2 protein chains.
Amino acid sequence: MRKGTSEDVRRENLTAVLRALMVGGDMSRADLGRLTGRNRSTVASLVSDLAGLGLVDEQDPVTDGTVGRPSHGVALSSSVAAFAVHPEVDALTVAIVGLDAQVRRKVRHEFDRIPTMAEVVHLASTVMAAMGAEESGFRMTGIGVAVPGLVRTVDGLVRNAPHLQWREEPLGASLAEATSLPVHVANDAQLGALAERDYGAGRGVSHFVYINGGASGIGGAIVAGGDLLGGAHGYAGELGHTPVSGSDRVDNVGIPGSLEAEVTREELLSLLGPDHMDPESFDSALLADRSDAVAAAVARHQRHLAIALGTVVNVLNPERILLGGFLASLLAYNPQGLRTALEARALAPAMEGVDIVSAQLGANLLLVGAAHRALEPLVDDPASMSGARTD
Amino acid sequence: MRKGTSEDVRRENLTAVLRALMVGGDMSRADLGRLTGRNRSTVASLVSDLAGLGLVDEQDPVTDGTVGRPSHGVALSSSVAAFAVHPEVDALTVAIVGLDAQVRRKVRHEFDRIPTMAEVVHLASTVMAAMGAEESGFRMTGIGVAVPGLVRTVDGLVRNAPHLQWREEPLGASLAEATSLPVHVANDAQLGALAERDYGAGRGVSHFVYINGGASGIGGAIVAGGDLLGGAHGYAGELGHTPVSGSDRVDNVGIPGSLEAEVTREELLSLLGPDHMDPESFDSALLADRSDAVAAAVARHQRHLAIALGTVVNVLNPERILLGGFLASLLAYNPQGLRTALEARALAPAMEGVDIVSAQLGANLLLVGAAHRALEPLVDDPASMSGARTD
DNA sequence: CAGCATTTGTTCGTTTCCGCGACTAATGCG
DNA sequence: CGCATTAGTCGCGGAAACGAACAAATGCTG
């Protein structure tokens with residue numbers, strides 16, 4: 001759309017082929033042609049270009065049992081990848097994730113106290129250097145960082161990450177300086193939504209809302225028209241602070257009666273007994289406990305969640321709502337209960353055909369989302385992969 | 001983006017030229033080249049094509065006092081236009097609006113009772129036929145209809161327009177059948193937002209929220225990334241049903257404590273005295289009355305509005321909020337009051353740099369929005385204007 | 001197993017459309 | 001009145017996609 005020359009057509013076609021492979025997996029050149037609507041000769045030329053750039057590998061023709069000449073296989077290169085970095089209160093995860101969304105390497109470092117940004121930058125860059133990605137044949141395009149908090153996406157400034165106790169920390173700039181790689185920092189829920197869109201419960205859905213409930217609170221992200229809705233500076237999607245009651249309970253930014261103030265994992269956990277529990281155990285423990293106390297608490301939580309979701313449905317008219325973390329457990333406990341509560345709060349036409357489902361992706365969700373964020377510029381302009389820049 | 005051939009480049013370039021003229025007004029061919037970044041010869045060819053299609057008029061070169069050869073002027077054709085139809089409880093407005101957003105003809109018919117859909121269709125098609133648009137040299141591309149209610153945009157089915165007491169009315173299909181013209185039906189606030197985006201307080205702003213307060217309630221629309229956010233079926237933007245209090249007051253769809261239940265023009269009007277008042281009189285009457293009763297009511301209304309806007313800011317991270325109708329009066333009464341109340345409810349980073357302004361466009365706002373919605377397909381594919389179809 | 005239909009790869013000519021350069025035209029300025 | 005500046009016009013070249021013609025590789029059928 002920018003210049004309007006024929007090279008843009010080429011770029012768009014290269015991107016279309018790459019995207020087809022990313023969502024559809026490896027396939028034959030003929031399939032690629034059908035999927036992208038391009039001509040045989042065009043596809044051949046495009047694939048040849050991409051192979052030359054090292055982004056895909058052309059394989060020998062394989063017969064698949066049908067008549068006709070077998071078509072060459074085309075596979076995403078297993079060497080093109082990006083780093084994913086995910087700092088949490090108790091650990092830092094660094095991974096190498098390929099263009100095919102496979103997690104190739106993964107290192108987790110536990111902290112005994114909340115890390116500072118400088119510590120995270122230092123540790124992450126050390127780990128990335130130690131991984132020897134280039135020596136192992138990976139061609140790294142950049143670094144994607146998933147941060148539990150508000151991030152100014154343009155420069156990766158972490159505005160406020162309450163759980164990490166970070167405020168106005170220049171994470172993007174620091175990490176870029178330490179590694180000399182392009183760095184993309186974003187909110188964790190947003191990156192999770194991207195991963196769900198491409199490989200999870202959001203596949204093929206162009207309007208959906210993702211809401212994740214964790215120990216630290218509730219985060220969300222919006223996909224509209226197939227694109228992540230970031231807003232003016234990337235702060236969009238903060239559904240946790242939506243008002244759901246007139247109570248005085250405040251969330252961690254001081255907003256009273258908000259979703260995050262009323263719906264907490266902590267409260268449910270206290271009813272179940274143990275002080276700590278990993279997400280899977282929490283889910284099964286909650287679903288197993290049908291006591292009155294738990295049922296009442298779940299009902300109240302569902303009611304509050306439904307009010308927030310009602311706003312979401314009325315304002316955004318999504319076709320699907322993805323619930324992650326303990327919000328998925330809340331749904332599973334009584335799916336119809338949540339739906340009924342929501343229907344009382346949403347405009348009937350907007351509510352029609354809205355799916356409420358659990359998010360699909362598990363542990364690697366954020367790593368895939370973060371890495372793919374870093375791979376995005378390459379996918380949008382494959383020709384930029386010229387010299388396999390290894391600096 | 002679809003096929004990936006060189007004809008797409010042509011189409012995009014034609015669109016770019018047309019859009020430049022729409023937002024920038026008539027200009028010289030040289031300016032057009034600078035604005036669109038295209039080459040001199042390319043612009044000449046594009047303009048020549050558009051002139052051949054009858055979409056622009058090429059004028060004689062005019063000297064503007066600067067050195068160098070004068071450039072040809074290019075003006076949007078004054079004959080290309082669309083119908084705008086706007087049914088309200090007490091009147092039906094039909095207009096002819098040009099590509100240049102000028103309202104060329106306007107007919108308003110008053111009702112003595114709430115009209116049915118069939119009556120509106122019948123009257124609108126009669127009026128449009130009587131206007132003799134084709135005979136007057138207009139080339140009409142379609143009909144845009146602004147409806148105060150929920151509209152399924154794909155086929156123009158009015159799902160629920162409470163004030164008109166319409167439910168499940170096939171307005172789009174009926175009007176298309178009666179007129180044999182392409183019909184585009186949409187929510188009035190959405191069309192107003194489009195007009196504000198192109199010609200009003202939303203110019204050059206790619207993320208904004210438009211909220212309009214009228215006698216019938218509160219409607220809204222969202223522009224994200226420069227595009228109207230319609231959601232899955234076009235129902236998005238319903239900000240009036242956002243929860244703002246724990247009270248039991250319900251709005252017209254039964255949602256308690258919603259913005260529309262708590263913030264009403266009616267309530268303010270009752271404090272000012274008269275039973276009926278046109279918007280302009282209401283605005284000046286409200287701003288003139290600094291009594292304690294009014295001040296307290298305004299403060300309460302502002303507080304509730306701020307809660308809804310807080311949700312909007314947190315979820316959408318807009319760069320501007322446009323207030324229309326009596327919500328603009330509410331803002332003007334005490335701009336700082338609203339802003340302060342909002343800042344208590346919004347995440348500080350998301351709130352940074354958010355403008356809160358009044359909508360700019362007046363009476364013709366919806367007519368321009370509706371007609372331009374009908375002109376959009378033409379702008380997106382100028383070459384489709386082949387035979388100046390007059391059926 | 002030999003021919004045939006089917007499907008795909010390959011090559012090459014055609015078409016479209018943009019940019020560029022050379023030349024011409026029209027203006028203001030000194 | 002010449003010169004600099006700016007824009008229109010025309011022709012050429014390059015990029016890229018498509019389609020046609022041909023070759024290659026497979027399954028199917030008699």
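Chain letters run A, B, ... following the sequence lines, proteins first and then strands; every chain starts at 1. Just so it is clear, the model here is predicted, and its values are computed rather than measured.
- Side-chain N/O atoms of N39(A) include one lying less than 4.0 angstrom from OP1 or OP2 on dG19(D).
- Of the possible polar contacts, one joining the T179(B) side chain to the L175(B) backbone as a donor-acceptor pair under 3.5 Å is found.
- In this structure, CZ of R11(B) is placed 14 Å from C1' of dT16(C), rounded to the nearest angstrom.
- In this model, the phosphate group of dA17(D) is approached by a side-chain N or O of N13(A) to a distance below 4.0 Å at OP1 or OP2.
- The distance from atom CZ of R10(A) to atom P of dG19(C) is 18 Å, rounded to the nearest whole Å.
- Checked by distance alone, S41(B) brings a side-chain donor or acceptor within 3.5 Å of a matching partner on the base of dC20(C).
- L14(B) has its CG atom 15 Å from the P atom of dT16(C), to the nearest Å.
- Between S71(B) and dT6(D) there is no side-chain polar atom (N or O) within less than 4.0 angstrom of OP1 or OP2.
- Atoms CG (D8(B)) and P (dC17(C)) sit 10 Å apart, rounded to a whole Å.
- For A82(B), the side-chain contact (heavy atoms from CB on, under 4.5 Å) partners are T141(B), A371(B), A374(B), L375(B), not counting sequence neighbours.
- The interatomic distance linking E12(B) (CD) with dC17(C) (C1') rounds to 13 Å, in whole Å.
- Taking T63(A) as the reference, nothing meets the side-chain hydrogen bond (donor to acceptor under 3.5 Å, both in side chains) condition, with sequence neighbours excluded.
- Rounded to whole Å, the distance from CG on L46(B) to C1' on dA7(D) is 16 Å.
- To the nearest angstrom, C1' of dA7(D) lies 11 Å from CG of D64(B).
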Letter by letter from the 5' end, nucleotides 23-30 of chain C scores (B base, S sugar-phosphate only, - none; protein heavy atoms under 4.0 Å) -BBBBS--
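- Within the structure, the side-chain hydrogen bond (donor to acceptor under 3.5 Å, both in side chains) test picks out the following pairs touching residues 14-29 of chain B (sequence neighbours left out): R19(B)-D380(B), S28(B)-D31(B), R29(B)-E58(B).
- Considering OG1 of T153(A) and CG of L228(A), their distance stands at 9.0 Å, rounded to 0.5 Å.
- Evaluation of the side-chain contact (heavy atoms from CB on, under 4.5 Å) rule for S77(A) yields D57(A), S79(A), V80(A), R139(A) as partners, not counting sequence neighbours.
- Contacts of residues 27-34 of chain A with DNA chain C (heavy atom under 4.0 Å): R29(A), A30(A), R34(A).
- Every residue two or more places apart in sequence or in another chain that forms a side-chain hydrogen bond (donor to acceptor under 3.5 Å, both in side chains) with H372(B) is listed here: Y199(B).
- Under the side-chain contact (heavy atoms from CB on, under 4.5 Å) criterion, Q102(B) pairs with D100(B), R104(B), sequence neighbours left out.
- Taking R10(B) as the reference, L14(B), S45(B), L46(B), D49(B) meet the side-chain contact (heavy atoms from CB on, under 4.5 Å) condition, with sequence neighbours excluded.
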